[in-house]
Amino acid sequence: MGEVMSERASVLIVGAGLAGLGSAMFLARRGVDVLLVERRSGTSPFPRAVGQNQRTMELLGFAGVAGDVPTTEHGEFRVRVAATLPGPTFHEVISETDTGLGALSPALPGTAGQDEMEPLLRRRAEEFGATLRFDTELVSFSQDNDGVTAVISGPDGRSEVRADYLVAADGARSGVREALGIERHGAGKLGQNVSIVFDADLSDVVEPAPPTLHVLHNPDANGVFITIDGDRHLFSVNAEKLDDDQCVELIRLITERPSLAPRIVAVMPWEMAAEVADRLRVGRVLLAGDAAKVTPPSGGFGGNTAIGDAYDLAWKLAAVLDSTAGPGLLDSYDAERRPIAERVVAEALRLAANRGVTEEVSEAQRAVELTLGFRYRSWAVVAEDDDPLDAEDPYRPSGRPGFRAPHVELDGKSIVDLFGDGFVLLTGKDGLCWTDTGLPTHVIDSDEFLARYGIGPSGASLVRPDGVVAWRIVDAPSDPAQALLDVLTSVLAR
């Protein structure tokens, strides 16, 4: 038996999906020593998790990568229900994607699929200094009060890695989660599906505009179809397992073209399920992405939530590792992100039950409240009240702690552009007393800013690295520096 090498990393990440690669990128950007292992040989060829909401694009913008993601400013998206692609339409809904979103965020929604996002995150993670190893799997791990010891196996044999923390981003069937004995709750398995990516000229069958999700109610081919780009398409069908010949026959069926010769690019079985882990943290091991929750694809919440998990983990782990914060800050990860998982899974289930047929009136409002009007409740936020609402209308922001810091346009730029590195303090025109507190402070002479953030001209709003309001005070206290120190000591568990 060969010698087992020993290695050291601040954070060991298992899994190179959106959550794992996102965690590696966000952590490495903050100077954290990261080692990621992935048992696959490369990133996913499947355009799963298509689309990035404005919140996700803001987080990607904080890392300087949003500019590499294709975006859309306006347009239409159609959901069409039928038995086949050329067959008669049973029902359809056309929704406008331009719904005044520019008033909510400087970020435009992204249109990338997972097959585009994973290589982008991988490249930027490596540019920031993360070490990524594919064809490498986690064999075992254990933890103690000081860290995690893991055995990994790759092309060069086995090695033992000692890390301060382990991020489990190893998917819906997470081996790390199972080893920790963490149970899941929810609706469970909803069905078995096979996704088929194929190339074919369907210009005489599918209209190129507007972009359309075809929900096919067909006893022999029940599933959804969408054109990815040009002649490349995705058909996800309810089935256990399919070979290439069976895929071709199903494609011929839904296109009503018995002589069509599609080129099968990739075939992937997958399970539709709805479950949330009972805990997202056990000691020095934290769950992210599908390891933390699995959700139906309806609504496109899975990939966006994975990026949200990654960012939240990254800034908190980095703060603990450089002693800016105490280890207790990591407890807020579960307290803040698990309720988000619960809410998106519930919404995805609601959409899945409707098979894509939704009522137009409230859908846009529900979406923006989930993505931009969410509320965090934890000791990393100094709450002001016992309001039971978990979300607010982001078009009418309150500026209260726990909510995302509202977008305000300042000289052609957004106040959101000030966030993403460390904590920042925002104050009004009479708040010069805050500039001596030692924290990056921005004095903003804007009535709109004061109204949206709910403070007076001498008051202040403390915004976390994730763009969430941690604390606010309407008017300046007698000792601003001491007030801010007390708040940071509490929020950062110092």
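What you see below is based on every heavy atom in this structure, not just the backbone, and it leaves out hydrogens, waters and symmetry mates.
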Nearest atoms (heavy-atom pairs only) where [X] meets [Y]:
X      : Y      : value
Ala274 : Val345 : CB-CG1, 3.8 Å
Leu329 : Ala380 : CD1-CB, 4.0 Å
Leu59  : Asp466 : CD2-O, 4.4 Å
Ile455 : Ser461 : CD1-N, 4.3 Å
Ala405 : Phe419 : CB-CE1, 3.6 Å
Ala66  : Met57  : CB-O, 3.7 Å

Side chains of [X] and [Y], heavy atoms from C-beta outward: is any pair under 4.5 Å?
X      : Y      : value
Leu372 : Gln54  : yes
Leu12  : Val148 : no
Glu58  : Pro106 : yes
Ser446 : Leu410 : yes

Establish, from distance only, whether the side-chain atoms of [X] and [Y] form a donor-acceptor pair under 3.5 Å.
X      : Y      : result
Tyr376 : Arg337 : yes
Arg55  : Thr371 : no
Ser44  : Glu118 : no
Ser105 : His407 : no
His214 : Glu92  : no
Ser195 : Trp270 : yes
Asp486 : Thr489 : no

Thinking salt bridges, do [X] and [Y] make one under a 4.0 Å N-O criterion?
X      : Y      : value
Asp385 : Arg375 : yes
Arg281 : Asp331 : yes
Arg29  : Asp421 : yes
Asp393 : Arg396 : yes
Arg30  : Asp322 : no

Is there a donor-acceptor pair under 3.5 Å between the side chain of [X] and the backbone N or O of [Y]?
X      : Y      : result
Arg8   : Arg162 : yes
Ser490 : Leu488 : no
Trp434 : Ser458 : yes
His442 : Pro440 : no
Ser332 : Ala335 : no

[X] [atom1] to [Y] [atom2] distance, which is reported to the nearest 0.5 Å:
X      : Y      : atom1 : atom2 : result
Leu462 : Arg472 : CG    : CZ    : 13.0 Å
Leu425 : Leu418 : CG    : CG    : 11.5 Å
Asp334 : Glu336 : CG    : CD    : 10.0 Å
Ile473 : Leu484 : CD1   : CG    : 10.0 Å
Arg122 : Glu127 : CZ    : CD    : 12.5 Å

Stacked cation flag Arg284 on Tyr165, 6.0 angstrom / 45 deg: yes
- prompt: Do other residues, nucleotides or ligands put more than 12 heavy atoms under 6.0 Å from Glu207 CD?
  reply: no
query: Does atom CZ of Arg173 have more than 12 heavy-atom neighbours from other groups under 6.0 Å away?
result: no
- request: Using ring-ring contact (aromatic ring centres under 6.0 Å, His included) as the criterion, point out the one residue from Tyr311, Phe128, Trp315 that pairs with Phe26.
  value: Tyr311
